[in-house]
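Working notes for the structure below.
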Amino acid sequence: MQLIYSLIIALMLAGVIGAVVPGVPGTSLILIGIIIWGFVKGTFAAISVPLIVTGVVLLLSMGIDFLAAYWGAKKAGASKWGQIGSMVGLAVAFFGLLPPFLVVGGPLIGIFIGPLLGAIIGELIYRKDLVVAVKAGVGIVVGSLIGNIIQGFLALGAVILFVFTTWPQVFGS
């Protein structure tokens with residue numbers, strides 16, 4: 001039982017990391033871990049609070065993704081073109097389609113550079129002003145990073161709540 005519990009906690013910690021790193025599953029891994037624990041224990045009664053809280057955190061995380069990028073874009077004066085470019089840049093970076101000059105850091109660095117370059121290119125297409133384009137690109141990326149940090153704290157809180165609730169079931173009081 002303790003081994004399964006430890007593996008579930010490891011899965012949840014991977015979820016916390018995923019909540020901070022773009023393109024990696026986050027809070028959903030934590031929710032999956034809680035559900036697995038419910039099946040292992042044969043009941044969800046003892047974990048109903050962590051299950052509900054993590055479900056809410058998952059929904060909040062989805063909202064934060066969009067709101068943080070939108071907030072950063074709005075503060076920097078980005079247009080829809082910059083926002084679309086940022087999403088395209090993230091997709092291109094996530095699938096490893098950036099140029100091979102990103103030898104250091106590979107896809108992880110690409111996940112941060114892709115949205116920046118995409119936003120800048122999108123703004124350049126729309127406004128044709130490099131200064132405004134760079135400002136918009138940085139604003140979108142900073143907003144997204146702030147959102148990821150918030151998601152990381154929410155995910156960590158969900159894991160701590162789960163451990164606090166279930167620890168006595170596994171290790172006694």
Side-chain angles (χ1 to χ4, degrees), residues 9-34 49-99 101-127 129-164:
I9 296 300
L11 176 69
M12 291 178 166
L13 292 176
V16 171
I17 293 168
V20 176
V21 177
V24 178
T27 310
S28 56
L29 289 179
I30 298 168
L31 190 58
I32 289 168
I34 292 173
V49 171
L51 187 61
I52 291 168
V53 167
T54 303
V56 169
V57 166
L58 179 61
L59 293 174
L60 283 173
S61 292
M62 287 188 251
I64 288 170
D65 266 341
F66 293 107
L67 289 175
Y70 173 76
W71 174 81
K74 186 173 180 167
K75 288 289 182 188
S79 68
K80 296 270 186 230
W81 282 85
Q83 294 173 15
I84 292 169
S86 176
M87 294 301 155
V88 170
L90 176 62
V92 167
F94 182 73
F95 292 113
L97 301 175
L98 286 177
F101 65 81
L102 286 176
V103 246
V104 180
L108 185 59
I109 298 293
I111 287 174
F112 293 107
I113 292 176
L116 174 67
L117 293 177
I120 291 171
I121 291 169
E123 286 297 324
L124 279 174
I125 290 171
Y126 179 67
R127 298 187 188 188
D129 182 349
L130 182 61
V131 174
V132 171
V134 170
K135 181 180 175 190
V138 170
I140 289 172
V141 171
V142 167
S144 295
L145 288 174
I146 290 170
N148 290 351
I149 291 168
I150 292 169
Q151 288 178 57
F153 281 121
L154 288 172
L156 184 60
V159 171
I160 290 170
L161 177 63
F162 174 80
V163 170
F164 181 75

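As the structure is a prediction and not an experimental result, all values here were calculated from the model.
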(request) Apply side chain to side chain contact (heavy atoms under 4.5 Å, CB included) to A136 and list each qualifying residue two or more places apart in sequence or on a separate chain. (result) A78, E123
(message) According to side chain to side chain contact (heavy atoms under 4.5 Å, CB included), who are the partners of V20, at least two apart in sequence or on a separate chain?
(response) none
(request) Using side-chain hydrogen bond (donor to acceptor under 3.5 Å, both in side chains) as the criterion, list what pairs up with Q151, not counting sequence neighbours. (result) D65
(message) Distance check, rounded to the nearest 0.5 Å: S86 atom OG versus I121 atom CD1?
(response) 11.5 Å
(request) Using a 4.5 Å cut-off on heavy atoms from C-beta on, say whether the side chain of F162 contacts that of V53. (result) no
(request) Look up atom CD1 in I64 and atom CD1 in I149, then write down how far apart they are to the nearest 0.5 Å. (result) 12.0 Å
Can I get a per-line list of side-chain donor-acceptor pairs under 3.5 Å for residues 152-159, giving both atom names and the distance, sequence neighbours left out?
none

(message) Run the side chain to side chain contact (heavy atoms under 4.5 Å, CB included) test against I146 and tell me which residues pass, sequence neighbours left out.
(response) W71, V142, I150
(message) Among residues at least two apart in sequence or on other chains, which ones pass side chain to side chain contact (heavy atoms under 4.5 Å, CB included) with L116?
(response) I120, V138, V141
(message) Once salt bridge (Lys or Arg N to Asp or Glu O under 4.0 Å) is applied, what residue pairs with a partner in residues 145-163 remain, sequence neighbours excluded?
(response) none
Donor-acceptor contacts under 3.5 Å from residues 25-34 side chains, at least two apart:
| unit_1 | atom_1 | unit_2 | atom_2 | d |
| --- | --- | --- | --- | --- |
| T27 | OG1 | S61 | OG | 3.4 |

